[in-house]
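These figures come from a predicted structure and were not determined experimentally.
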Amino acid sequence: MALQLRPNCEGCDKDLPPHATDARICSYECTFCAACVETLLANVCPNCGGGFAPRPIRPVTERRLGISLAKQPASDKRVRLKYDGANIADFIAGVRAIPPEKR
Ligand SMILES: [Zn+2]
Ligand SMILES: [Zn+2]
């Protein structure tokens, strides 16, 4: 199954279109902008506690039959964090010192 390619940052609601180079995802595809990951989140996903990686960019050009952004389009469902700022700060404080591979 292809990545969902969610349309926005869960933290600040910045638009993150499929070609955005500053989109970051965790293993569950929680999606944030690079600025939120680096500053607000300290590379801790506030939903699952995992780390982030750059979201790959899906090719626009159909170089293989049936494989392209048009054939597997990005999600249009905007997602926002369901935790408040204090909750997130507490959560991150408890996890940030642990490297992602040991969380
Ligand atoms: Zn953001
Ligand atoms: Zn996550």
TODO: Evaluate the side-chain proximity of S75 to P7: yes if any heavy-atom separation is below 4.5 Å, no if none is.
DONE: yes
Task: Closest approach of A70 to P73 (non-hydrogen atoms, all atoms of both residues) - done: O-CD, 3.8 Å
Task: Inter-residue atom distance T31.OG1 - N8.CG, 0.5 Å rounding - done: 8.0 Å
Task: Approximate separation, where rounding is to 0.5 Å, of R55 CZ and L16 CG - done: 6.0 Å
Task: Cluster overlap I98 with I92, hydrophobic side-chain contacts below 4.5 Å - done: no
TODO: State yes or no: do V95 and F32 share one hydrophobic cluster built from I, L, V, M, F, W and Y residues joined by side-chain heavy-atom distances below 4.5 Å, directly or via other members?
DONE: yes
Task: All salt bridge (Lys or Arg N to Asp or Glu O under 4.0 Å) counterparts of D15, not counting sequence neighbours - done: R78
Task: All pairs passing salt bridge (charged side-chain N to carboxylate O under 4.0 Å, His left out) where residues 16-27 contributes a residue, at least two apart - done: K14-D22
- [ ] Just jot down the side chain to side chain donor-acceptor pair (under 3.5 Å) partners of R96, sequence neighbours excluded, or say none.
- [x] none
Which donor-acceptor pairs under 3.5 Å do the side chains of residues 57-65 make with protein atoms, sequence neighbours left out?
residue: R58; atom: NH1; partner: Q72; partner atom: O; Å: 2.6
residue: R58; atom: NH2; partner: L3; partner atom: O; Å: 2.8
residue: E62; atom: OE2; partner: G66; partner atom: N; Å: 2.6

Task: Test side chain to side chain donor-acceptor pair (under 3.5 Å) applied to Q4 - qualifying residues, sequence neighbours left out - done: R6
Task: ILVMFWY cluster, V79 and I25 together (side-chain gap under 4.5 Å) - done: no
Could you pull out every donor-acceptor pair under 3.5 Å between side chains of residues 36-52 and any protein atom, sequence neighbours left out?
residue: T39; atom: OG1; partner: A35; partner atom: O; Å: 2.6
residue: N43; atom: OD1; partner: F52; partner atom: N; Å: 2.9
residue: N47; atom: ND2; partner: E10; partner atom: OE1; Å: 3.0

